[in-house]
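Note sheet for the following structure.
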Amino acid sequence: MASDVKGLLPADLGQLVNECNVLVVGAGGIGCELLKNLVVFGLKNVHIIDLDTIEVSNLNRQFLFRREHVGRPKSIVAKESALLFNPKVCITAYHDSITESKFDVNFYKQFNVVLNALDNRTARSHVNRMCLAAKIPLVESGTAGYKGNVSFHMQGISECYDCTTKPHQKTFPGCTIRNTPSEPIHCIVWAKHLFNQLFGISDPDEDVSPDSSDPEAVGDAGKIALEESNDTNGQVKEKVSTRQWAQSHEYDAQKLFQKLFHDDIKYLLSMENLWQKRKPPTPLDWNDLPDVIAGSSSIDQQTVTALKDQRVWSMQECSQVFKQSINQLKEKLENEKDLIWDKDDDPAMDFVTACSNVRAHVFGIQQKSRFDTKSMAGNIIPAIASTNAIVAGLIVTMACKVLKKDYYKCNTIFVMPRPTAVKKDLFPLDQIVGPNPKCYVCAEKPEIIVKMDLEKMTVRILGDKVLKTELCMIAPDVEIDDGQGTILISSEEGETDDIADKLLKNFIKDGTRLKCDDFLQNYQINITVAAMVDEEDEKDREKSGILFEIIGDRTQLNAKEQVAEGKKTDDQEQPSTSKKANPVHDDEDDLMIIEPTTVSEVQVAGTKRRLDETEEDTPSKKRKVESETSEVIDID
Amino acid sequence: MVSENGDVKNDNKTFTDDEAALYDRQIRLWGVDAQKRINSSKILIIGMGGVGAEVAKNIILGGVKSVTLLDADDVSELDNVCQFLAPRESIGQNRAEASKGRAQQLNPMVEVTADGASIDDKPDSFFTSFSIIIATNCTKTQIMRLNKVTRENDIKFLISDVFGFFGFIFLDLGEHRYKTEVVNMAAKKGDVNVIDGLSRYISFLDAISIDWNLEEFAARAKKTRPGLFGLFVLLEFFEQKKRKPLPSSRDEDLAELLKLRDEFIEKNGIAKDRIPDDFFETVFGELGPSSAITGGVLAQEVVKAVSQKDAPLVNIFLCNPLTGTGYVENLVD
Ligand SMILES: [Zn+2]
């Protein structure tokens, strides 16, 4: 061990390395490299947590795992493999979720530093809160392809992970998905929604049928078969769900195909306003499928591809895969209540590839191979061993500085695909940025405003999508600040189930304050409700279907709207905090969010706030690389 | 194999389901053509210290055709602090042989060979069968001999090592042609153009022979960060002692380094503050974190070199993560 060889490390560092106790969160791509570095370097006490089990597609970079380990817990196998490198180290492995309540503030307090090697925002955000509560320094990291970053977070010294809201999965207006797709991704999102409607947990945001309330089509829309409505009690009730319809037809592939790609398309065609400036779709008939591929002139163009999955399917093939995958999924449904879509589940992936391709054909959109569809549907951020190795090495050196309490030398480091133009830095450093006083997590009294559609949102959607997905709470309690302490959401199982599916308008109104609390995270935030004004938003097609929008404080609310005004003609980018659909869980390992402030050529250590911070700098505003780097890093 | 004009002759290669699953993520990053070229490349790694082990791991995981580990040294206690391929109980055994088992386990589809001979005993013809040669733990004399062979035979050559926390990579890819994608800002979002690029390199001998007294270099010598000249001093140390500065002989090695530094700046007319004393405080032995970082960058450059995709670094990468950052010095232009 480095700490045992006299003279190898500066004496003070050698002792710190010998005596410290560190927590590694995640045993994926970065976690494997990091664990190897730590044990070889000679840290004596390492704890590692990971919930996942090993898969084949991990093996090209998660080098502590081999084929014979597939299916076993990552944390346990990582420990076994790492101990071979250095049997003198004490490694404690947990095959568990980091959000479990047993990993409470006291658990964190035993560590000198926490090293994140995570793959999703919820977990990163959670560990951030736990470290804030326990007052333990945190080193955060991530990689995407050739890019990577390592940053340091410590209460009172630098910004916390949540100080700048991270970019989200891009979402699309409901009308685009349901009525007028124009890009392959629109068809893929639709196909995933269809999967959930047919086999999974149906989500009111994920309707796949033609949307007759499309502002552009108003006037000529009639009644459609699979539509939902609210009954008078304010309880959402579905007349005939897509799933019920499919069940009543025993998941007959041909009937489903006719409904989705013929009847519904015919209905869309009847909404004539939509097709005045667009190319109208062409309904398909199961018994008369064309043998050409959309976006290419003929099937002859398909030469042999190096990967089987890179071949684009004809409509004939799509219909066969459609049928076959539906049969397989139907069979699965006999043993499971609801299926959860997973890119690595072959029938699920086949179904989405077939459906999105047929829909693309119908709308004259370029078709995509199963390989490409998987990238987009699975939100895959490609990870490679070498970048993970670089980042893991940088984490250890940053941890050395943290142990020495050289906090002001812990600048955020970026790993770039190519050196910066002037200073030729391959690993440019960023300034150390102090905490954001308006941060919705580390501010003294976190406050935000949430615009909500009280007519359409249920209590459950508030809990799942606003508090859990957006604000990354794990087990929220919500009390209405009405002087009576009315409980809206309880973290105790079953306690508020009876009102979970009731509409919010029954409990809260514009201006209501909600006191939200996550006990485990030691995190409280007050939410002020701003009712969404329906008429205003309904005219805006890009905003159709948006249930809520998270806004910072009052000043930001105004600034934000002005920004939005000026941007009306812009492309279809949503403000990153507007959500209408549950974002796909960042299910790829090593996913990172790189957002350099100004990948600064100036290596200033200090706590100066960013210069670009102005009033309209809402938490949602994405930072841009302003440096001379040739490329803007933006990976959502 | 790659032909003279850089085209791949195995265009008909298709990947098995197994390969497709294993290499899935990286194919999504660099594409099928790059993966084909990687799969047909034969790599020689000289020296199985920390950076040798790290680059071996990365490129074996990446799925090259073959990797030959060449090292005449035995495993020592110092390897345990940076080298994870040689088991702890293998101290005293040949370092290449001892590293082979774990290296092979990383990816059974790659042919891994260990060779315990010294490069000095190998004829020039031994080296010509490789697409890429990576030299670590070599003296300047050894490097120059290898570089002559690689230049005459059009072999991509990368030199690398880690001294304590300090790491470097020197690239000589000859006249290297590559393709790279640039986002077409004018066109629709997401559209990319593929353009051809050419990187030129100079030989190792030309780089270390630069006379910094000359007017064209003097201005640059005043601005350059300590890493480049520090590297020249470390390489001279290695040339004379046939080893790295070691923690066990820290005081005398440090004195020797400072002496060599003074000779270097004297000869080249460089101000002393260009290589301050404290540069040499963290260059003893070979440390794991820096081996991981340097070995990671090295593997990415190997992938770029064999796949002929994206611009490789020109021509020296220098890094000390404890005291600064990682950057590139270009002595070609
Ligand atoms: Zn914060």
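This is a predicted model, so every value here is computed, not measured. Residue numbers begin at 1 in each chain, while the letters A, B, ... track the order of the sequences.
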**Message:** For a side-chain contact (heavy atoms from CB on, under 4.5 Å) check, start with the C-alpha distance between B:Val297 and A:Phe427, then their side-chain angles and the critical distance, and finish with the verdict.
**Reply:** CA-CA 11 Å; B:Val297 176; A:Phe427 307 153; 3.8 Å; yes
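- Proximity to chain A is limited to the side chain of B:Leu313, based on heavy atoms less than 4.5 angstrom apart.
- At a 4.5 Å heavy-atom cutoff, the contact between B:Leu78 and chain A is made by side-chain atoms alone.
- Atom-to-atom distance recorded for A:Lys423:NZ and B:Thr325:OG1 is 9.5 Å, nearest 0.5 angstrom.
- Taking chain B as the reference chain and counting heavy-atom pairs below 4.5 Å, the highest number among A:Leu394, A:Leu59, A:Asp372, A:Ile390 is found for A:Ile390.
- For a residue to count as touching a neighbouring chain, one of its non-hydrogen atoms must lie under 4.5 Å from one of that chain's; by this rule B:Cys319 touches chain A with the side chain only.
- Per-residue heavy-atom pair counts under 4.5 Å with chain A were compared for B:Gln26, B:Gln105, B:Glu19, and the maximum is reached by B:Gln105.
- For the pair B:Arg88 and A:Pro87, the minimum side-chain heavy-atom distance is below 4.5 Å.
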**Request:** Kindly determine whether B:Arg25 and A:Arg61 satisfy side-chain contact (heavy atoms from CB on, under 4.5 Å), including the steps that lead there.
**Result:** CA-CA 9 Å; B:Arg25 294 303 186 271; A:Arg61 60 192 185 283; 3.6 Å; yes
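- Inter-residue side-chain proximity for B:Arg102 and A:Phe85 is flagged as met; some heavy-atom pair is nearer than 4.5 Å.
- Contacts between B:Asp310 and chain A at a heavy-atom distance below 4.5 Å involve the side chain alone, from C-beta outward.
- Atoms NZ and CG, on A:Lys374 and B:Asp24 in that order, are 5.0 Å from each other to the nearest 0.5 Å.
- Proximity of B:Arg225 to A:Lys424: side-chain heavy atoms (C-beta onward) are nowhere separated by under 4.5 Å.
- Side-chain contact check for A:Lys88 versus B:Asn80: every heavy-atom pair is 4.5 Å or farther apart.
- Using a 4.5 Å cut-off between heavy atoms, A:Val396 contacts chain B through its side chain alone, with no backbone atom that close.
- A pairwise comparison of heavy atoms in B:Gly296 and A:Ser386 identifies O-CB, 3.4 Å as the closest pair.
- In this structure, the side chains of A:Glu33 and B:Glu54 come closer than 4.5 Å at one or more pairs of heavy atoms.
- A:Gly393 and B:Ala292 get closest at one heavy-atom pair: CA-CB, 4.3 Å.
- Of the atoms belonging to B:Ala311, not a single heavy atom falls under 4.5 Å from chain A.
- Interface residue B:Val303: only side-chain heavy atoms are found under 4.5 Å from chain A.
- In this structure, no portion of B:Pro87 lies under 4.5 Å from any heavy atom of chain A.
- Using the six-membered ring where Trp is involved, B:Phe165 and A:Phe41 have ring planes that are perpendicular, over 60° apart on the 30 and 60° scheme.
- Contact of the A:Thr420 side chain with the B:Tyr327 side chain is not registered, since no non-hydrogen atoms from C-beta on lie closer than 4.5 Å.
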**Message:** For B:Leu287 and A:Leu9: C-alpha separation, side-chain torsions, deciding distance, then whether side-chain contact (heavy atoms from CB on, under 4.5 Å) applies.
**Reply:** CA-CA 9 Å; B:Leu287 286 166; A:Leu9 297 179; 3.9 Å; yes
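- How far CG of A:Asp309 is from CD1 of B:Ile27: 10.5 Å, rounded to the nearest 0.5 Å.
- Summarising the geometry, atom NZ belonging to A:Lys404 is positioned 6.5 Å from atom CG belonging to B:Leu322; distances are rounded to the nearest 0.5 Å.
- Contacts between A:Leu84 and chain B at a heavy-atom distance below 4.5 Å involve backbone atoms as well as side-chain atoms.
- Contact count against chain B (heavy-atom pairs under 4.5 Å) is highest for A:Leu307 among A:Leu307, A:Ile395, A:Leu38.
- Taking CG of A:Asn60 as the start and CG of B:Asn58 as the end, the distance is 11.0 Å to the nearest 0.5 Å.
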**Prompt:** Is there a side-chain contact (heavy atoms from CB on, under 4.5 Å) between B:Arg28 and A:Phe371 once you walk through the steps?
**Reply:** CA-CA 9 Å; B:Arg28 289 176 197 278; A:Phe371 184 83; 3.4 Å; yes
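- Interface check for chain A: of the options B:Leu22, B:Asp17, B:Val32, B:Thr294, the most heavy-atom pairs under 4.5 Å are formed by B:Leu22.
- Scanning both residues, A:Leu8 and B:Gly285, for their nearest heavy atoms gives CD1-CA, 3.8 Å.
- Side-chain atoms of A:Ile384 and B:Gln300, non-hydrogen and from C-beta on, do get closer than 4.5 Å to each other.
- Once rounded to the nearest 0.5 Å, the distance linking OG1 of B:Thr16 with NZ of A:Lys308 reads 10.0 Å.
- Here the closest heavy-atom approach between residue B:Gly288 and residue A:Asn37 is recorded as O-OD1, 4.5 Å.
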